[in-house]
Amino acid sequence: MRAAVLERAGMPLEIKEVPEPAIGPQDVLVRVHACGVCHTDLHLIDGLLTTIGPSPFPLIPGHEIAGVVEKVGDEVAHLNPGDRAGVYWWLSCGCCPCCLAGQEEVCLQAMATMRAIGITRNGGYAEYVAVPAAYVFPIPEGLDYADAAPLYCAGLTVYGAFKNAGLHSAHRVAILGVGGLGHLGLQIANAMGAEVIAITSSEAKQDLARQLGAHHVVHASGHDIGTRLSDFGGADVIVSTTLDFQAIREAMRGLAPLGTLVIAGMAAGRLPIDPRTFILSQQRVIGSYLGSRRDLQELLQLAARFQIRPMLETFPLEEVNLVHQYLRDNKIRFRGVLIPNEATV
Ligand SMILES: [Zn+2]
Ligand SMILES: [Zn+2]
């Protein structure tokens, strides 16, 4: 089969002919029809993983995988060849305290070993990928492969942030950043019934934010984000998808009493918190990473029912290095998706 292989960190990927992966009794082989390209893939190429331990190379990256089940192992009962399906890529252990608490996204085992499809195990930048069947789910009717793929990481990350914040339909939620995560977040929050505020530094994205489901748009210029949010009555939930720490600090001032600020984008910096405000308003600041398989199933249903669709550009597998360059140059609106096999169903 054809695959884009990362021989080692720092190298461009090479399109190679490699053996089709074998499957065990509890695995499935997925014929990949779409694989989203995530910023994490760039971190992988840049050697970030190598600095914290595992050296998985040579590796086939790609963890936003949607396709068709080609083969199933002898012990697999919930999938059949021909099923349209996608892959939950974070291979949680199922038995640590976090997994047992229903929060497998912070699985102690998976965190310690980075046990994940497309990160330390071969992923979806290939015609086929072999994965444990327990991590593979059908794609609902109405979602095509390219539209589904980015939901498995980008979409799940924002949906998980909303879940962790306890977002519900009586809430006002502000989403900081209208990019790969934020443009999905606006649609998802709207589908969840919340009042949605988009915060963006880009004039050009203001109309787009409204089209995607924002009821209000706040232009993140200067120091008035918190004041603007307060003008609306404050945000019950603020989800940050940006790397702009100044904007996060500003937005935090617009958090309502009992409000939750969720950091879902990997921003680096320090967040000053005035304990007096936080005590008297009983506010929370939390981190959020991905989501669980249950969250993913909910999100897929939500996406099918409310026409949540990523804005994306598709590319053949051969153009993988070009897509990575576009992503580095901030030229992708808003998700690049590789198509290793053209879909027939
Ligand atoms: Zn990702
Ligand atoms: Zn676990």
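Nothing fancy with the numbering, it's 1 onward along the sequence. None of the values given here were measured: they were computed from a predicted structure. Remember, it's 1-based here, ligands and their atoms both numbered in the order they're listed.
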Original post:
Taking all atoms of both residues into account, what is the closest heavy-atom pair of G213 and N190, and its distance?
Top reply: O-ND2, 2.8 Å
Original post:
Between R115 and T120, is there a donor-acceptor pair closer than 3.5 Å when you use the side chain of the first and the backbone of the second?
Top reply: no
**OP:** If you have a sec, read the angle at the Zn ion (ligand 2) from C99 atom SG over to C96 atom SG, to 10 degrees.
**Re:** 110°
Subject >> N, O or S from H39 under 2.8 Å to the Zn ion (ligand 1) >> reply: no
Original post:
Within the side chain of N122, is there an N or O that forms a donor-acceptor pair under 3.5 Å with the backbone of I60?
Top reply: yes
Subject >> Metal site the Zn ion (ligand 2): N/O/S of C95 inside 2.8 Å >> reply: no
Original post:
Given SG of C107 on one side and SG of C93 on the other, what angle do they make at the Zn ion (ligand 2), to 10°?
Top reply: 100°
Subject >> H43 and H39 aromatic ring geometry - parallel, tilted or perpendicular at 30°/60° bounds >> reply: tilted
Subject >> Metal site the Zn ion (ligand 2): N/O/S of C98 inside 2.8 Å >> reply: no
Subject >> Test: R293 cationic atom under 6.0 Å from Y135 six-membered ring centre, within 45° of axis >> reply: yes
Subject >> With the Zn ion (ligand 1) as the apex, the SG/NE2 angle for C38 and H63 - to 10° >> reply: 110°
